[in-house]
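Chain identifiers are assigned alphabetically (A, B, ...) following the order of the sequence lines, protein sequences preceding nucleic acid strands; residue numbering begins at 1 within each chain.
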Amino acid sequence: MRIATWNVNGLRARLDFVLHWLHSRQPDVVGMQETKVEDDDFPHAAFEDAGYQVATHGQKGWNGVAIAAKRDVEVLQSGLPGQEDAGARLIRARVGGLGFATVYCPNGKDLHHADFPMKLAWYDALISWLSDVQAGEPFLIGGDFNIVPAPLDCWRGKDADGTIFCTEQERSRYQALLDGGLVDLFRHLQPDEQRFSWWDYRGGAFHRGMGLRIDMLLGTKAMAERLRAVVIDRDYRRKKAGLIASDHAPVYADLDD
DNA sequence: ATGACGCCTTCCAGGCGA
């Protein structure tokens with residue numbers, strides 16, 4: 001079973017690119033973030049033609065998450081309880097006996113911006129919510145966490161410590177997800193590898209290696225035992241067939257059935 | 001310090017992303 005996460009940065013603008021990737025990589029389940037499309041306008045037909053059904057939690061212009069899968073998707077939750085004002089950032093479904101959630105965590109903007117405490121509060125709600133939902137079934141959560149877990153995950157290394165995405169407040173909350181029983185699947189298999197999932201569009205950041213690892217798949221320990229491989233699909237951060245890529249690469253994990 | 005690139009939106013200059 002192949003499970004993926006991808007911040008697509010605008011699904012309508014990215015549709016042909018996403019379909020190209022689905023055709024090439026054939027994920028069974030994919031959580032998407034920053035779909036930036038209202039549910040009524042979601043391009044379901046294009047996904048159905050590609051063999052996927054999709055559950056969506058979108059809004060106009062910003063944010064938005066969705067789960068596409070080759071099998072039935074039963075929606076269990078749309079939106080993080082108590083955090084509705086932060087936008088459409090979470091959806092959870094049951095897919096083929098697996099509990100899967102995808103999240104677009106708030107950015108926070110700047111340590112002195114009002115969005116920063118909002119980000120921390122959103123994480124506190126996520127930590128609390130996860131402690132309830134991940135128990136008792138195979139569970140996996142993937143998304144754009146907008147936190148750099150460790151200096152190894154940032155092109156600037158320790159020089160970025162204390163700046164946005166790299167503060168103790170953010171990293172301790174990411175650690176709380178792990179302390180709650182989840183495993184960072186990429187880091188689990190590749191403890192020392194530096195691999196990024198996001199590069200700024202500007203200034204040639206991709207080609208200069210100026211990236212961050214902020215897109216993660218986290219699984220319960222039972223899921224980690226089924227893990228075969230995790231790929232940060234850097235090739236799909238490049239232009240394909242004349243189509244513009246998202247600023248995030250897809251990330252996928254292969255699990256034994 | 002700023003801008004760079006690309007997305008979005010009562011449509012096009014300005015906000016936002018990370």
Side-chain angles (χ1 to χ4, degrees), chain A residues 5-21 32-43 56-66 85-89 102-120 122-123 126 142-171 173-174 194-216 232 234 236-251:
Chain A
T5 181
W6 195 3
N7 180 323
V8 298
N9 186 23
L11 185 64
R12 286 168 297 174
R14 202 74 57 221
L15 183 58
D16 288 343
F17 195 91
V18 170
L19 294 171
H20 192 292
W21 180 77
M32 293 176 283
Q33 307 89 40
E34 284 205 87
T35 54
K36 301 185 180 180
V37 60
E38 289 181 289
D39 292 343
D40 288 346
D41 295 332
F42 194 94
T56 65
H57 179 49
Q59 68 179 90
K60 192 177 185 68
W62 306 109
N63 307 317
V65 287
D85 289 350
R89 296 178 179 275
T102 194
V103 285
Y104 175 47
C105 301
N107 174 299
K109 287 195 179 76
D110 179 287
L111 270 61
H112 307 292
H113 194 283
D115 282 9
F116 188 67
M118 191 261 305
K119 176 181 192 173
L120 300 181
W122 195 93
Y123 258 96
L126 179 68
D144 175 355
F145 285 84
N146 275 326
I147 291 177
V148 172
L152 180 62
D153 300 309
C154 176
W155 68 279
R156 293 175 57 207
K158 285 184 184 294
D159 289 348
D161 286 359
T163 65
I164 189 74
F165 286 36
C166 303
T167 64
E168 189 279 334
Q169 295 102 305
E170 292 161 291
R171 285 179 169 161
R173 283 167 172 84
Y174 185 77
Q194 183 169 68
R195 293 283 185 274
F196 303 137
S197 67
W198 174 88
W199 298 261
D200 201 307
Y201 280 122
R202 298 166 291 188
F206 179 73
H207 295 286
R208 295 166 69 186
M210 298 160 67
L212 306 173
R213 190 175 73 94
I214 53 176
D215 300 273
M216 275 76 80
I232 301 181
R234 199 174 179 280
Y236 273 83
R237 177 58 179 77
R238 303 173 191 275
K239 273 185 188 171
K240 283 276 178 206
L243 303 168
I244 296 167
S246 170
D247 45 356
H248 297 252
V251 180

Asks: So what does A/Asp144 hit on the nucleic acid, given a heavy-atom distance under 4.0 Å: a base, only sugar-phosphate, or nothing?
Replies: sugar-phosphate

Asks: A/Glu34 and A/Val8: which non-hydrogen atoms are nearest, and at how many Å?
Replies: O-CG2, 3.8 Å

Asks: For A/Gln33 and B/dC7, what is the distance between atoms CD and C1' respectively, to the nearest whole Å?
Replies: 16 Å

Asks: Where the side chain of A/Glu34 is concerned, which of B/dG17, B/dC7, B/dT10 is the nearest nucleotide?
Replies: B/dG17

Asks: Please list, for nucleotides 11-16 of chain B, all pairs of protein and nucleotide N/O atoms separated by less than 3.5 Å.
Replies:
none

Asks: Can you sort out the partners of A/Lys60 under side-chain hydrogen bond (donor to acceptor under 3.5 Å, both in side chains), two or more places apart, ordered by chain and number?
Replies: none

Asks: Starting at CD1 of A/Ile244 and ending at P of B/dC8, how long is that distance when rounded to a whole Å?
Replies: 11 Å

Asks: N/O contacts under 3.5 Å, protein versus nucleotides 1-5 of chain B?
Replies:
unit_1	atom_1	unit_2	atom_2	d
B/dA4	N7	A/Arg202	NH1	3.2
B/dA4	N6	A/Arg202	NH1	3.2

Asks: Just by distance, no angles: are the side chains of A/Asp39 and A/Thr56 close enough, under 3.5 Å, to form a donor-acceptor pair?
Replies: yes

Asks: I need the minimum non-hydrogen distance between A/Asp161 and A/Pro151, along with the two atoms involved.
Replies: OD1-CG, 3.7 Å

Asks: If you take all heavy atoms of A/Thr102 and A/Gly143, which pair is closest and at what distance?
Replies: OG1-CA, 4.2 Å

Asks: For the pair A/Arg237 (side chain) and A/Asp247 (backbone), establish whether a donor and an acceptor sit closer than 3.5 Å, ignoring hydrogens and angles.
Replies: yes

Asks: Among residues at least two apart in sequence or on other chains, which ones pass side-chain hydrogen bond (donor to acceptor under 3.5 Å, both in side chains) with A/Asn146?
Replies: none

Asks: Look at all strands and tell whether A/Asp110 reaches a base, only sugar-phosphate, or nothing, counting heavy atoms closer than 4.0 Å.
Replies: nothing

Asks: So which one's nearest nucleotide on DNA chain B is more toward 5', A/Tyr104 or A/Lys239?
Replies: A/Lys239

Asks: Just jot down the salt bridge (Lys or Arg N to Asp or Glu O under 4.0 Å) partners of A/Lys158, sequence neighbours excluded, or say none.
Replies: none

Asks: At a heavy-atom distance below 4.0 Å, what parts of residues 159-168 of chain A sit against DNA chain B?
Replies: A/Phe165

Asks: Select from A/Ile214 and A/Gly10 the residue whose nearest nucleotide in DNA chain B is closer to the 5' end of that strand.
Replies: A/Gly10

Asks: With A/Ile164, which of A/Glu170, A/His112, A/Lys109 fulfils side-chain contact (heavy atoms from CB on, under 4.5 Å)?
Replies: A/Glu170

Asks: Hey, does the side chain of A/Arg12 come within less than 4.0 Å of B/dC7's phosphate (OP1/OP2), counting only N and O?
Replies: no

Asks: Base, sugar-phosphate, or nothing for A/Phe196, non-hydrogen atoms under 4.0 angstrom?
Replies: nothing

Asks: Just to be sure I understand the rule, does A/His113 reach a base, reach only the sugar-phosphate, or reach nothing, if contact means heavy atoms closer than 4.0 Å?
Replies: nothing

Asks: To the nearest 0.5 Å, tell me how far A/Lys119 NZ sits from A/Tyr123 OH.
Replies: 6.5 Å

